[in-house]
Amino acid sequence: MKLVVASRNEHKLAEIRTILTHLGVEVCSEEEVGVTLEVEETGTTFEENSMLKAKAVMEATGLAAMADDSGLCVDCLNGAPGVYTARYGGPGLSDAQRYRLLLENMRGQTPRTAKFVTVITCCFPNGDVIVARGECPGTITYAPIGKGGFGYDPVFFVPHLKKTFAQLTPEEKNAISHRGRALRDFAEKLEAYLKDR
Ligand code: IMP
């Protein structure tokens, strides 16, 4: 089976390929199947946004398509930035400007507990849908710590490892991250789905 990944991120594509190839799934990029869609993320949940992207690519290609949507939900901000994580503070900000804005908006607020969430939706041309989810709980630091990773990694602290995401190796992060968990959940669900066919 061919499965198109609705993402232009080469790193994500490689990660998904590694996990799904052993299921006999041929993982393709949008480019490889000749589409490049700009889908507006107008949903108010991770489920809605990942569905919007996966459905658009499935309809454009006639092939099974999967998309993910992720974000950071902070308890003392009532779950913000949530689906707006990538756009927090408006367009044109750097990763550092966005996480500094988050620290500023959390000043004096408790608790500092938070979670990263990833939802993966896969749409099939026959109307079937698989939804997988991964979460990683943590807390938000008072200042950035660590040099690795991307996005909000330097301010996302994992209590049981006593490190931020930015201090973990890619392997360590993948073992516990929202994206790693969602991908493994998706691989399990896809394997079960393909077995039943
Ligand atoms: P996306 O849906 O995977 O593009 O994620 C949306 C936004 O959430 C990204 O632009 C990042 O700012 C943030 N984000 C998602 N996953 C991570 C992560 O593992 N570390 C840090 N930031 C992340």
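Whatever order the structure lists them in is the order used to number ligands and atoms, beginning at 1.
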Discussion item. Does any N or O of ligand 1 fall below 3.5 Å from an N or O anywhere on Lys173, backbone included?
Written reply: yes
Worksheet item: Just which atoms of ligand 1 are under 4.0 Å from any heavy atom in Asp153?
Response: 18 (C), 19 (O), 20 (N), 21 (C)
Practice prompt. Going by the salt bridge (charged side-chain N to carboxylate O under 4.0 Å, His left out) test, name the single residue among Glu30, Glu59, Glu41 that passes it with Lys53.
Written response: Glu41
Discussion item. Would Arg112 pass as a cation-pi partner of Tyr142, given that its NZ or CZ must be under 6.0 Å from the six-membered ring centre and within 45 degrees of the axis?
Written reply: yes
Discussion item. Run Asp75 and Thr113 through side-chain hydrogen bond (donor to acceptor under 3.5 Å, both in side chains) and show every step you take.
Written reply: CA-CA 6 Å; Asp75 290 329; Thr113 46; 2.6 Å; yes
Practice prompt. Tell me which protein heavy atom sits closest to atom 11 (C) of ligand 1, plus the residue, atom name and distance to 0.1 Å.
Written response: Phe150 CE1, 4.1 Å
Worksheet item: Can we say Arg107 and Glu104 salt-bridge, meaning some charged N sits less than 4.0 Å from an Asp/Glu carboxylate O?
Response: yes
Worksheet item: Among the heavy atoms of His178, does any lie under 4.0 Å from an atom of ligand 1?
Response: yes
Worksheet entry | From CA spacing to verdict: side-chain contact (heavy atoms from CB on, under 4.5 Å), Val33, Val57 | CA-CA 10 Å; Val33 294; Val57 173; 5.8 Å; no
Worksheet entry | Shortest protein heavy-atom distance from atom 23 (C) of ligand 1, along with the residue and atom involved | Phe116 CE2, 3.5 Å
Item to complete: Could you tell me which atoms of ligand 1, counted from 1 in the order shown, lie closer than 4.0 angstrom to a heavy atom of Ala86?
Response: 6 (C), 7 (C), 10 (O)
Fill in: Distance-minimising heavy-atom pair for Lys173 and Phe150
NZ-CE2, 3.6 Å
Discussion item. By the definition side-chain contact (heavy atoms from CB on, under 4.5 Å), identify the one residue from Glu47, Met66, Lys189 that meets it with Ile120.
Written reply: Met66
Worksheet item: Between Asp68 and ligand 1, does any nitrogen or oxygen pair lie at a separation below 3.5 Å?
Response: no
Practice prompt. Please write down residue, atom name and distance for the protein heavy atom closest to atom 6 (C) of ligand 1.
Written response: Ser70 O, 3.2 Å
Worksheet entry | Under 4.0 Å to a heavy atom of Asp69 - the qualifying atoms of ligand 1, by number | 2 (O)
Worksheet item: Just which atoms of ligand 1 are under 4.0 Å from any heavy atom in Lys12?
Response: 3 (O)
Worksheet item: Does any N/O atom on Thr85 come nearer than 3.5 Å to any N/O atom on ligand 1?
Response: no
Worksheet item: How far is atom 15 (C) of ligand 1 from its nearest protein heavy atom, and which residue and atom name does that atom have?
Response: Arg179 NH2, 3.6 Å
Practice prompt. Mind checking the CE-SG spacing from Met51 to Cys122? Nearest 0.5 Å is all I need.
Written response: 10.5 Å
Discussion item. Parallel, tilted or perpendicular, judged at 30° and 60°: which one describes the rings of His178 and Phe116?
Written reply: parallel
Item to complete: Just need the protein heavy atom nearest to atom 12 (O) of ligand 1, so name the residue and atom and give the distance.
Response: Tyr152 CE1, 3.2 Å
